[in-house]
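Working notes for the structure below.
The structure presented is a predicted model; accordingly, all values stated were derived computationally and were not measured.
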Amino acid sequence: MTGRFTVANNHGLHARPAARLVSEVGGLDATVTLTNLTTGAGPVPAASLSRVATLGAQQGHEVEVRAGGPQAQEAVEHLLALAARHFDEPTVAAPAEAAATSPRTTGPLAASPGIAIGPLRRLAAPILDVDDSEVSDPAAEWRRVVEAVAEVRRDIEHLRALTVREIGEAEAAIFDAHLTLLADTALLGDVRQQINAGVGAFSAWTVCLRAIEHEWSELPDTYLRERAADVRAVGDQVRRVLAGAAAQQPVAEGILVARDLTPAQAAGLDTAAVRGIVLAAGSTTSHAAILARTRGLPLVVSAGRDVLAVPEGTLLVVDGGAGEVHVGPDAALVADYRHRATAAAERRARDLASASEPAVTRDGTRISVAANLGSVADARSAFAAGADEAGLVRTEFLFLGRATPPDVVEQEADYLAIAEALRGRRATLRTLDVGGDKPLPYLPVPDEENPFLGVRGIRLALDRPALLREQLDAVCRTARRAPTSVMFPMVSTVDELRRAHALLADAAGPDGVPEDLRVGMMVEVPAAALKIESFLPLLDFVSIGTNDLTQYALAAERGNPGVAALSDALDPAVLQLVDHVCQAARGRIDVAVCGEVASDEAAVPLLVGLGVRELSVGPHAVPGVKARVRELDLEQCEVVAKQALRSESAEDVRELVAAAWGPC
């Protein structure tokens, strides 16, 4: 059985679409091979990612599918349909087309404010010095490989879940390629053959991975050649486990430059050494960006490939607020930026000194400045930074990276630990927000073509009522001992909210729902914002999640660098949704914003002017946001906010703010 398809993906069959192809073939009872008819490369087994990539199949190349076995016809038809869907990879405009339609989608983007000056530094690979070229027990060496691969697989699955949570499915999909490579039967077969010939686990793995990396690096297409880095990344993870080495070496003091950072790499950075970060790829809503803002590290993303060729030690000036990177600047420019950095540090010190005081506008309107938390450590940081409360506790931190869900007692203990760290300040616990795009091993869900529009958040929780009921039980127990609110994510319909209320009442038991427990919902779906009136009788507050609301309103996926610049929460369409919610809620319930835009200096006066009375931000941003609020006059904020609603673009909105209050 044979068939043919033409590769439509912009970058051909690179790691992610190839991994999708391989995973589909693996579930069928058929032997499938692929041949690149355009170049003559192949045939190669379709079940091996390492072999499929060597086809060098670029956009426009014709590929032949040949299958045998009981499900041969089904296999061919399935792969042709998959190819017609571009292997489920989001399609973006080609570079020329993108430049013509959206000039703002390329170039460096400001991702975390601040100025950093220092030498260029790169993440150093750990030194792996293992001599096992000859061993006497092949069976033991093979077990070492199996165990190392299993350990790395667990780590990658955990990172994938975290990446999807903070970035999105498109960026997390690269981990699918890594996982597929770890299960590559051709690769593992080569490794075992080496071991059976008397070579140790470390050396066998190294030899086989380097051979694949070399094959990929020899491919004719530049983009496909760069995917050799994917092989190196996953290969090095296994090598480090086999060598017993640390996962990440310290970075020398200076500016870290990388193509991108995984969540583990971003979380492991030493902020005493890393003054700032420049990423060739990435987006402003990536996990790395969120962590950088939380930790006060200046960051510029989407800086382009050229920055990766700058020699180690080259002096850089990074302005994370303006999205600027200066390579090898002259003395005058360095002096200018040092002056700006000193002024910013002095302002930061002043802001921190008054952070525990209320944030009140010049005409007497109080704005609560809360913190977004993902751990007990975050709660301690929030208290130290002067946060008025915890506006969003991402309870997923309790559920990720484990084989079974936490029980009621464990959840209660962690929620109370957060309450204790906040020392009497209210904590808003968002119920578990996972789904098809955020998998948990003990909460299987079917694959979805577009997980962002699938079963996630409250939809999944209501489909697994026992899990939600246990969490609500822990919430009620916590609320009886500390100021607590509960918030339901991804609500789209009133019926969902009513069912959540019913589960809450059931979980509360005979004592009833604690009197002080406030109930709210996230407004992330445009439909929920537009029909907010129907939700209000069931709520004590709402919190607008501008990260998801923006991507849904503008059809610009979070984390997709091709549309990163379009995904701006100051777009008038997003502001109009915020305004609609505030107008309906005025005088009835409180409105908060817990998305990243709440810490944007340009956005703060607009949100205040629209009627938002709580801004929930990363702990590090609390002092600065409070200081920003104290500079504002409510009447002026309302006037400018109304003008912003009538603007054409986010750029126009930012110009309005700059004209009213000066550049941010």
Side-chain angles (χ1 to χ4, degrees), residues 12-28 30-36 41-57 63 79 87 125 128 130 132-133 135 138-157 159-160 173-219 224-243 245:
L13 280 183
H14 63 92
R16 277 172 278 187
R20 187 78 173 91
L21 183 153
V22 171
S23 68
E24 292 293 325
V25 170
L28 297 170
T31 301
V32 185
T33 62
L34 303 175
T35 302
N36 188 334
V44 300
S48 170
L49 175 62
S50 62
R51 301 297 183 261
V52 171
T54 62
L55 287 176
V63 176
L79 288 189
F87 300 94
L128 305 178
V130 177
D132 63 352
S133 55
V135 294
E141 293 301 298
W142 175 244
R143 281 196 302 274
R144 289 183 61 214
V145 170
V146 171
E147 291 168 359
V149 167
E151 180 177 334
V152 172
R153 172 174 288 276
R154 288 192 296 271
D155 290 343
I156 292 176
E157 287 172 344
L159 287 176
R160 190 193 191 286
I174 187 57
F175 291 125
D176 294 337
H178 292 188
L179 292 168
T180 302
L181 189 61
L182 287 173
D184 192 315
T185 55
L187 164 63
L188 294 174
D190 290 345
V191 173
R192 189 161 196 174
Q193 186 176 12
Q194 289 274 334
I195 290 174
N196 289 339
V199 179
F202 180 87
S203 296
W205 180 266
T206 299
V207 168
C208 293
L209 263 291
R210 283 181 178 168
I212 295 172
E213 185 183 341
H214 176 72
E215 283 186 87
W216 287 25
S217 66
E218 294 294 309
L219 294 172
L224 293 176
R225 284 200 304 272
E226 290 178 352
R227 303 286 60 77
D230 297 328
V231 178
R232 185 163 54 252
V234 71
D236 283 348
Q237 282 182 269
V238 176
R239 279 162 45 85
R240 285 193 289 269
V241 174
L242 289 170

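In terms of the side-chain contact (heavy atoms from CB on, under 4.5 Å) criterion, residue partners of Arg153 (sequence neighbours excluded) are, by chain and number, Glu157, Leu179, Leu182, Ala183. Legend: residues meeting side-chain contact (heavy atoms from CB on, under 4.5 Å) with Ala139, ordered by chain and number and at least two apart, are Asp137, Arg143. Applying the side-chain contact (heavy atoms from CB on, under 4.5 Å) criterion to Glu151, with sequence neighbours excluded, gives Arg154, Asp155, Val241. The side-chain hydrogen bond (donor to acceptor under 3.5 Å, both in side chains) test applied to Asn36 returns Thr39, His61, not counting sequence neighbours.
A salt bridge links Arg144 and Glu141; the closest N-O separation between the charged side-chain nitrogens and carboxylate oxygens is under 4.0 Å.
Note on residues 189-208: pairs passing salt bridge (Lys or Arg N to Asp or Glu O under 4.0 Å), not counting sequence neighbours, are Arg51-Asp190.
Taking CZ of Phe202 as the start and CZ of Arg240 as the end, the distance is 10.5 Å to the nearest 0.5 Å.
For Arg239 (side chain) and Trp205 (main-chain N/O), no donor-acceptor pair under 3.5 Å exists by modelled atom type.
Minimum interatomic distance between Ala186 and Asp184 (heavy atoms only, all atoms of both residues): N-OD1, 3.0 Å. The heavy-atom pair separating Ala204 from Ile195 by the smallest distance is CB-CG1, 3.7 Å.
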